[in-house]
Amino acid sequence: MAKITKLDDIVSLCKRRGFIFQSSEIYGGLASCYDYGPLGVELKSNVRKAWWKSVVQMRDDVVGVDCSILMHPLVWKASGHADKFADLIAECKKCNVRTRVDHLAENAEEHTEHISLDIAEAAEYDLSNKVCPGCGKIGQFTEPMPFKLMFETQMGANVDDSMMLYLRPETAQGIFVNFRNVLDSTRVKIPFGIAQIGKSFRNEVTTKAFIFRTREFEQAELEFFCQPGTDDDWWHTWKDLRFQWYIDLGIKKENLRLRDHAGDELAHYAKACVDVEYKFPFGSGDWQELEGIANRTDYDLRQHQRGMRTLNKWYETKGDLTKIDLSDEAEDYEKGPLSYFDEEQKKRFIPYVIEPSAGIDRSTLAFLVDAYDEEEVKGQKRNLLRFHPALAPIKAAVFPLVKKDGLPEIAQNICNDFKKYFNCFYDQKGAVGRRYRRQDEAGTPYCLTVDGQTKEDGTVTVRERDSMEQERISTDKLLGYLREKLDI
RNA sequence: GCGGGUGUAGCUUAAUGGUAAAGCUCCAGCCUUCCAAGCUGGUCAUGCGGGUUCGAUUCCCGCCACCCGCUCCA
């Protein structure tokens with residue numbers, strides 16, 4: 001179906017149609033950063049809305065939040081990011097394979113915990129007799145290079161008195177630290193979820209093709225809190241729900257799959273994880289992750305209880321995270337400040353968390369690529385985007401068949417009326433066939449054409465994008481007709 | 001970060017050590033009563049910086065960005 005076979009085709013399509021541009025392009029671009037254009041911003045916004053509708057609006061057991069990107073530094077100490085997001089890496093000069101220095105130093109085969117960057121730098125590793133795991137050469141390493149995977153910034157305009165902060169590397173922690181607030185303010189009862197959509201920042205060592213791995217990106221995350229023991233069931237439930245969401249919005253089944261993570265692939269906090277993957281039709285044809293659904297257990301809430309106990313040390317060291325060890329967990333941590341009291345069971349516990357975490361930018365691109373199609377119509381090539389109506393940037397376009405006889409005024413009025421309900425586009429330029437095709441390229445589901453007959457019987461032609469079929473609809477029934485077809 | 005490749009108009013391509021060409025798109029107008037028709041006119045380009053040269057888009061160097069592969073992937 002889709003004739004896109006190279007990433008270049010997608011980049012070109014995105015730019016040509018105003019979906020995605022390179023950031024700061026007139027200055028030569030900025031690596032890994034992209035901007036959404038006029039159609040792209042609508043598409044992405046619709047992806048967000050569809051996610052929010054499915055995960056929050058349509059459910060009784062999920063509420064939303066919108067947290068700040070800047071958070072207390074201890075958040076990232078507690079979550080593990082401050083320590084585990086910093087690595088010292090050396091590269092083999094012979095085979096260019098990069099390896100974490102602590103792995104080399106310990107000659108460790110198995111997974112080891114990350115260590116703090118300052119400690120790693122201070123250790124002054126001697127790599128002269130270490131073996132490259134890539135090619136077996138000995139001592140052919142570059143100087144160790146430190147990598148900080150979180151962006152740093154400072155708060156406070158006075159440089160001498162400012163505080164280093166991180167840009168959040170995930171939205172999830174904002175939800176965990178608001179767990180208590182939501183419990184206290186909304187009468188939710190476990191099982192329930194808290195959802196958030198927002199930007200996150202990760203200083204990736206390597207970015208990847210187009211917008212698949214960027215350093216600034218948008219996440220849609222749900223933290224679904226449940227009683228321990230019910231977590232496996234809820235994990236399966238969300239896995240199915242989230243997979244179906246993509247299908248319901250028009251992703252072709254053959255391009256979507258679920259892939260379970262192997263045990264050694266799991267993050268330090270996760271008990272289980274499955275990825276929703278999309279088969280992008282270019283490059284090596286690799287399946288790319290759109291979303292991960294993880295069982296994060298009670299790790300995060302327990303860590304934040306430790307973080308709360310660490311606050312005094314934080315003040316004592318004047319906020320130097322590297323001088324702080326997270327305080328030990330309380331003996332009765334299950335009754336701690338982030339615990340949940342179950343009224344029916346008269347029991348306190350730390351909830352388990354199921355986390356569906358979706359990449360908004362990645363799925364936006366997947367919807368775009370999956371909708372792209374080319375077909376032959378009367379010997380002419382027709383390019384179109386077969387967006388699901390909920391995702392289409394423009395829902396309907398209104399044309400006068402010709403630019404005279406009062407038809408433009410009638411068409412303009414219809415368009416203005418409909419703008420109250422959805423994105424509606426007016427166009428009177430050139431042949432009507434060309435206007436239809438232009439809307440096909442933008443993925444607009446319906447075109448309405450006002451002609452001479454409209455003045456006689458008040459009907460207009462409704463032309464459907466995918467089939468190109470037309471039917472005449474009375475203008476007074478038009479809004480209802482479209483809202484039913486568009487499901488809005 | 002390594003290796004390889006690429007960079008000319010919005011897009012696709014052309015050409016050249018000496019005025020950068022075309023098609024499509026786009027814009028204005030004419031004509032047009034249902035699927036990219038036609039006519040007229042118009043806007044828009046050698047990624048950035050340096051070097052060689054009388055003259056560089058072309059040759060050389062550096063930078064930036066993108067693509068492929070390696071690597072990374074919480």
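Naming convention: chains lettered A, B, ... in sequence-line order (proteins, then strands); numbering from 1 in each chain.
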What's the gap between [N] and [M] when it is taken at their [atom1] atoms, as a whole Å value?
{"N": "B:rC11", "M": "B:rG5", "atom1": "P", "value": "24 Å"}
{"N": "B:rU25", "M": "B:rG10", "atom1": "P", "value": "16 Å"}
{"N": "B:rU19", "M": "B:rC61", "atom1": "C1'", "value": "29 Å"}
{"N": "B:rA14", "M": "B:rC59", "atom1": "P", "value": "15 Å"}
{"N": "B:rU43", "M": "B:rC27", "atom1": "P", "value": "16 Å"}
{"N": "B:rA45", "M": "B:rA20", "atom1": "P", "value": "11 Å"}
{"N": "B:rG50", "M": "B:rC64", "atom1": "C1'", "value": "14 Å"}
{"N": "B:rU6", "M": "B:rC54", "atom1": "P", "value": "30 Å"}

Answer yes or no: side-chain N or O of [X] and base N or O of [N] forming a donor-acceptor pair under 3.5 Å.
{"X": "A:Gln439", "N": "B:rA36", "answer": "no"}
{"X": "A:Arg463", "N": "B:rC34", "answer": "no"}
{"X": "A:Tyr436", "N": "B:rC34", "answer": "yes"}

So what does A:Tyr34 hit on the nucleic acid, given a heavy-atom distance under 4.0 Å: a base, only sugar-phosphate, or nothing?
sugar-phosphate
Contact class for A:Gln453 (heavy atom, under 4.0 Å): base, sugar-phosphate, or nothing?
nothing
Once you apply the 3.5 Å cut-off to both distances, tell me the Watson-Crick or G-U wobble partner of [N], or none.
{"N": "B:rA36", "answer": "none"}
{"N": "B:rC48", "answer": "B:rG62"}
{"N": "B:rU53", "answer": "none"}
{"N": "B:rA9", "answer": "none"}
{"N": "B:rC72", "answer": "none"}

Nearest whole angstrom, please: distance from the [atom2] of [N] to the [atom1] of [X].
{"X": "A:Ile410", "N": "B:rU33", "atom1": "CD1", "atom2": "C1'", "answer": "14 Å"}
{"X": "A:Arg362", "N": "B:rC73", "atom1": "CZ", "atom2": "C1'", "answer": "9 Å"}
{"X": "A:Asn383", "N": "B:rC11", "atom1": "CG", "atom2": "P", "answer": "16 Å"}
{"X": "A:Lys381", "N": "B:rU12", "atom1": "NZ", "atom2": "C1'", "answer": "10 Å"}
{"X": "A:Ile211", "N": "B:rC66", "atom1": "CD1", "atom2": "P", "answer": "13 Å"}
{"X": "A:Asp427", "N": "B:rC35", "atom1": "CG", "atom2": "C1'", "answer": "14 Å"}
{"X": "A:Arg16", "N": "B:rC11", "atom1": "CZ", "atom2": "P", "answer": "9 Å"}
{"X": "A:Lys404", "N": "B:rC31", "atom1": "NZ", "atom2": "P", "answer": "8 Å"}

Please say which of A:Asp361, A:Thr214, A:Val11 ends up in a side-chain contact (heavy atoms from CB on, under 4.5 Å) with A:Tyr34.
A:Thr214
Checking side-chain contact (heavy atoms from CB on, under 4.5 Å) against A:Val177, which of A:Val75, A:Leu74, A:Leu301, A:Asp300 comes through?
A:Val75
Take the angle between the ring planes of [X] and [Y] and call it parallel below 30°, perpendicular above 60°, tilted in between.
{"X": "A:Phe225", "Y": "A:Phe179", "result": "tilted"}
{"X": "A:Phe224", "Y": "A:Trp234", "result": "tilted"}
{"X": "A:Phe151", "Y": "A:Phe201", "result": "perpendicular"}

Heavy atoms within less than 4.0 Å of RNA chain B: which residues of residues 35-43 of chain A have one? Give them sorted by number.
none
For A:Arg465 and A:Gly443, indicate whether the former's side chain and the latter's backbone hold a donor-acceptor pair under 3.5 Å.
yes
Mark yes or no for whether A:Glu464, through its side chain, and A:Asp466, through its backbone, hold a donor-acceptor pair below 3.5 Å.
yes
Looking at the side chain of [X], which of [options] is the nearest nucleotide?
{"X": "A:Asp451", "options": "B:rC66, B:rU33, B:rC67", "value": "B:rU33"}
{"X": "A:Val432", "options": "B:rU32, B:rC34, B:rC66", "value": "B:rC34"}
{"X": "A:Glu441", "options": "B:rA36, B:rC73, B:rC34", "value": "B:rA36"}
{"X": "A:Ala31", "options": "B:rA36, B:rA65, B:rU33", "value": "B:rA65"}
{"X": "A:Leu401", "options": "B:rG10, B:rU33, B:rC66", "value": "B:rU33"}
{"X": "A:Asp405", "options": "B:rC11, B:rU33, B:rC34", "value": "B:rU33"}
{"X": "A:Ser12", "options": "B:rC34, B:rC35, B:rU12", "value": "B:rU12"}

Find which nucleotide of RNA chain B each of A:Ser32 and A:Ile26 is nearest to by heavy atoms, and output the residue with the more 5' nucleotide.
A:Ile26
Heavy-atom nearest nucleotide on RNA chain B taken for A:Glu170 and for A:Tyr27; more 5' hit belongs to A:Tyr27
Is there a side-chain contact (heavy atoms from CB on, under 4.5 Å) between A:Arg259 and A:Trp287? Walk through the geometry before answering.
CA-CA 10 Å; A:Arg259 189 182 65 82; A:Trp287 292 82; over 6 Å; no
Mark yes when over 12 heavy atoms from residues, nucleotides or ligands other than A:Asp328 sit less than 6.0 Å from its CG; otherwise mark no.
no
Enter the distance from A:Phe217:CZ to A:Ile211:CD1 here, rounded to the nearest 0.5 Å.
12.0 Å
Walk me through whether A:Arg362 and A:Glu277 qualify under salt bridge (Lys or Arg N to Asp or Glu O under 4.0 Å).
CA-CA 10 Å; A:Arg362 288 179 175 189; A:Glu277 295 187 328; over 6 Å; no
What's the shortest heavy-atom distance between A:Asn383 and A:Glu374, and which atoms?
OD1-CG, 3.2 Å
Enumerate all atom pairs, one protein N or O and one N or O from nucleotides 25-29 of chain B, separated by less than 3.5 Å.
{"unit_1": "B:rU25", "atom_1": "OP1", "unit_2": "A:Arg434", "atom_2": "NH1", "d": "2.9"}
{"unit_1": "B:rU25", "atom_1": "OP1", "unit_2": "A:Arg434", "atom_2": "NH2", "d": "2.8"}
{"unit_1": "B:rC26", "atom_1": "OP1", "unit_2": "A:Arg438", "atom_2": "NH1", "d": "2.1"}
{"unit_1": "B:rC26", "atom_1": "OP2", "unit_2": "A:Arg434", "atom_2": "NH1", "d": "3.4"}

Looking only at the aromatic ring of each residue, does the gap between the centers of A:Phe210 and A:Phe212 stay below 6.0 angstrom?
no
